[in-house]
Amino acid sequence: MGRKTLAVATLIAVTALTATGCTGAAATKGESAAAAKDPDSVSGTITVLTHRTDLVQNGTMKKYAAAFNKSYPKVTVKFEGVTDYEGEVKIRMNTKNYGDVLMIPNAIAKKDYPSFFASLGTTAELSQKYRFTGNTTVGGKVYGLATVGNANGFVYNKAVWKKAGITAWPTTPQEFLTDLKAVKAKTSAVPYYTNFKDMWPLTAGTASIGSVSCDAQANDKLATSTAPWAEGSDLNVIDTLLYDVVHDKLAEKDPTTTNWENSKGMIARGQIATMQLGSWAISQMQNAAETAGTNPDDIGFMPFPAQKNGKFCAITSSDYQQAVSVHSTHKAAARAWVDWFTEKSGFAQNEGSIPTLKAGALPDTLKPFEDNGVTLLEQSQAKSAQVNAIDNEAEIGLAKPDYRQKLVDMARGVQSGSLKDYFADLDKKWNEAEKTAGS
């Protein structure tokens, strides 16, 4: 799987699969998987389900398992890479056979985590040690630990932007548009690439909720908002920028022909200037540069073009969370893997991502953020259940690409309607849903 994150979807999960709908998966709620105190006492064979088929296929996961075995020699780790992870695992979770360790599928309602996963401990305890525990907290207990975290912003080719005469990050949406126009005028690169056809990259905007307002609780506030797309709101600014980029012909000519895998090489070769993605994408684009024989250092990452009190803010969010199946017969071994992978594998640093372990250092890829005083804000998920319920009732799909695909189609003139009317319609749907599903 070329893509390595579903961070947006984990922020605002689709609640299509519930415990009551999984007749084959009955288990005692509240079961726990305690942390191992003596590695030599932990044994068994465990299966780890993962969406990272690329790391399974190239042997990287086997190397992690070999390193794990130095601490836990009596545990055998098997990996199962699943290409259509969401689709296939959702079906498998109607049974008891969904591995010992797995990435929590987005189709599972948060309130139902205790029916599928073993508790890893209390939120009060684990939140002191790990980032993003709020994403998997139910009833004061944590049911999964993030594989990594990501900052949200824009991947860009620094050499292309420099050729266009731009050396500083834009601080407003208008400056961003002006810079893209300079790229179009002075280089041969596509200023902005939507990845419209692959759809999921369009959800990156939702992951930036809070970046505009510099508010870690911005996503939670959607639970009581009557107009999320009101003038000046995070969603209004984020979606208006996408509309304006496309409307001003600063994106690819035909969005229906975009290709995610090809886009990596294109930005590495300077054929694309900018894409909105999480920081997880930096290492993939740098690898593409090495393959293309170009300079990996040309791949940069910038925050959303908005400031508050003269400072940039970037929202950080969880990638997939690893959980222990409530049906695992080797919970101690499964928990040992989750703890080791989170704390000692070096996975986050290798991937250029934010470590889940709070004591872990930020990756080198985010050093420019540190150097330029960008404030990293962990997006609160305290009211994610209410937000999910409203979103589902409104049938908007903040974590889905459909409503932004329509926005892009309107901007390029293949669908009728004005942006103002579109926002008004979205606000109306949200407001009506909030009255019935927001409580």
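Computed from a predicted structure; not experimentally measured. Values below: all heavy atoms of this structure, side chains included; hydrogens, waters and symmetry mates excluded.
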Determine yes or no for a side-chain-to-main-chain donor-acceptor pair under 3.5 angstrom, with [X] supplying the side chain and [Y] the backbone.
{"X": "Ser71", "Y": "Ala67", "answer": "no"}
{"X": "Ser32", "Y": "Ser119", "answer": "no"}
{"X": "Thr365", "Y": "Gly352", "answer": "yes"}
{"X": "Asp391", "Y": "Leu398", "answer": "yes"}
{"X": "Gln405", "Y": "Phe196", "answer": "yes"}
{"X": "Trp430", "Y": "Trp229", "answer": "no"}
{"X": "Glu351", "Y": "Ser283", "answer": "no"}
{"X": "Thr294", "Y": "Ala289", "answer": "yes"}
{"X": "Asn372", "Y": "Pro368", "answer": "yes"}
{"X": "Thr240", "Y": "Val237", "answer": "no"}

Taking all atoms of both residues into account, what is the closest heavy-atom pair of [X] and [Y], and its distance?
{"X": "Leu235", "Y": "Pro228", "value": "CB-O, 3.6 Å"}
{"X": "Gly205", "Y": "Ile238", "value": "O-CD1, 3.4 Å"}
{"X": "Glu393", "Y": "Thr436", "value": "CG-OG1, 3.8 Å"}
{"X": "Asp220", "Y": "Ala382", "value": "OD1-N, 3.3 Å"}
{"X": "Ala273", "Y": "Ala189", "value": "N-CB, 4.2 Å"}
{"X": "Leu241", "Y": "Pro305", "value": "CD2-CG, 3.9 Å"}

Practice problem: List the steps, then state whether side chain to side chain contact (heavy atoms under 4.5 Å, CB included) holds for Arg404 with Asp239. | Solution: CA-CA 8 Å; Arg404 285 198 179 95; Asp239 290 339; 2.7 Å; yes
Summary of salt bridge (Lys or Arg N to Asp or Glu O under 4.0 Å) pairs that have at least one residue in [range], sequence neighbours excluded:
{"range": "residues 281-299", "value": "none"}
{"range": "residues 354-372", "value": "Lys367-Asp371"}
{"range": "residues 121-131", "value": "Lys129-Glu343"}
{"range": "residues 202-215", "value": "Asp215-Lys221"}

Quiz item: Could you walk me through whether Ile299 and Val155 pass the side chain to side chain contact (heavy atoms under 4.5 Å, CB included) check?
Solution: CA-CA 7 Å; Ile299 302 300; Val155 178; 3.8 Å; yes
Self-check item: Listed partners of Thr50 passing side-chain contact (heavy atoms from CB on, under 4.5 Å), at least two apart
Solution: Arg52, Val56, Met103
Can you see whether [X] engages [Y] through a side-chain donor-acceptor pair at a distance of less than 3.5 angstrom?
{"X": "Asp319", "Y": "Trp280", "value": "no"}
{"X": "Thr194", "Y": "Glu252", "value": "yes"}
{"X": "Ser213", "Y": "Asp234", "value": "yes"}

Please report the interatomic distance [atom1]([X]) to [atom2]([Y]), rounded to the nearest 0.5 Å.
{"X": "Asp54", "Y": "Thr83", "atom1": "CG", "atom2": "OG1", "answer": "10.0 Å"}
{"X": "Asn195", "Y": "Glu261", "atom1": "CG", "atom2": "CD", "answer": "9.5 Å"}
{"X": "Asn152", "Y": "Cys313", "atom1": "CG", "atom2": "SG", "answer": "13.0 Å"}
{"X": "Gln321", "Y": "Thr147", "atom1": "CD", "atom2": "OG1", "answer": "7.5 Å"}
{"X": "Ile46", "Y": "Thr329", "atom1": "CD1", "atom2": "OG1", "answer": "10.5 Å"}
{"X": "Tyr193", "Y": "Ile272", "atom1": "OH", "atom2": "CD1", "answer": "5.0 Å"}

Quiz item: Residues in side-chain hydrogen bond (donor to acceptor under 3.5 Å, both in side chains) with Thr274, at least two apart?
Solution: Trp161
Self-check item: side-chain hydrogen bond (donor to acceptor under 3.5 Å, both in side chains) involving Asn69 - partner list, sequence neighbours excluded
Solution: none
Mind checking whether [X] and [Y] have side chains closer than 4.5 Å, heavy atoms only?
{"X": "Ser208", "Y": "Ile315", "answer": "no"}
{"X": "Ser263", "Y": "Met275", "answer": "yes"}
{"X": "Val183", "Y": "Val160", "answer": "yes"}
{"X": "Tyr320", "Y": "Asn106", "answer": "yes"}

Quiz item: Hey, mind stepping through Tyr64 and Asn350 against side chain to side chain donor-acceptor pair (under 3.5 Å) and telling me if it holds?
Solution: CA-CA 11 Å; Tyr64 283 124; Asn350 294 340; 2.9 Å; yes
Ring pair (Phe, Tyr, Trp, His ring centres under 6.0 Å) partners for [X], two or more places apart:
{"X": "Phe176", "value": "Phe154"}
{"X": "Phe312", "value": "Trp169"}
{"X": "Tyr192", "value": "none"}

Exercise. Please step through side chain to side chain contact (heavy atoms under 4.5 Å, CB included) for the pair Cys214 and Lys311, ending with a clear verdict.
Key: CA-CA 9 Å; Cys214 286; Lys311 295 287 186 179; 5.9 Å; no
Quiz prompt | Sole residue of Phe117, Phe116, Tyr98 in ring pair (Phe, Tyr, Trp, His ring centres under 6.0 Å) with His327 | solution = Tyr98
Quiz item: How far apart are the C-alpha atoms of Gln381 and Ser318, what are their side-chain angles, what is the distance that settles it, and do they pass the side chain to side chain contact (heavy atoms under 4.5 Å, CB included) test?
Solution: CA-CA 10 Å; Gln381 292 293 299; Ser318 166; over 6 Å; no
Quiz item: Looking at residues at least two apart in the chain, or sitting in another chain, which of them share a salt bridge (Lys or Arg N to Asp or Glu O under 4.0 Å) with Lys383?
Solution: none
Exercise. Give the ring-plane orientation class for Phe68 versus Tyr72, where under 30° counts as parallel, over 60° as perpendicular and anything between as tilted.
Key: parallel
When the side chains of residues 331-341 are checked against the rest of the protein, which donor-acceptor pairs come out under 3.5 Å, sequence neighbours left out?
from: Lys331; atom 1: NZ; to: Glu31; atom 2: OE1; distance (Å): 3.4
from: Lys331; atom 1: NZ; to: Val326; atom 2: O; distance (Å): 2.9
from: Lys331; atom 1: NZ; to: Ser328; atom 2: O; distance (Å): 2.9
from: Arg335; atom 1: NE; to: Asp339; atom 2: OD1; distance (Å): 2.9
from: Arg335; atom 1: NE; to: Asp339; atom 2: OD2; distance (Å): 3.1
from: Arg335; atom 1: NH1; to: Ala33; atom 2: O; distance (Å): 2.5
from: Arg335; atom 1: NH1; to: Leu120; atom 2: O; distance (Å): 2.9
from: Arg335; atom 1: NH2; to: Leu120; atom 2: O; distance (Å): 3.1
from: Trp337; atom 1: NE1; to: Gln322; atom 2: OE1; distance (Å): 3.2

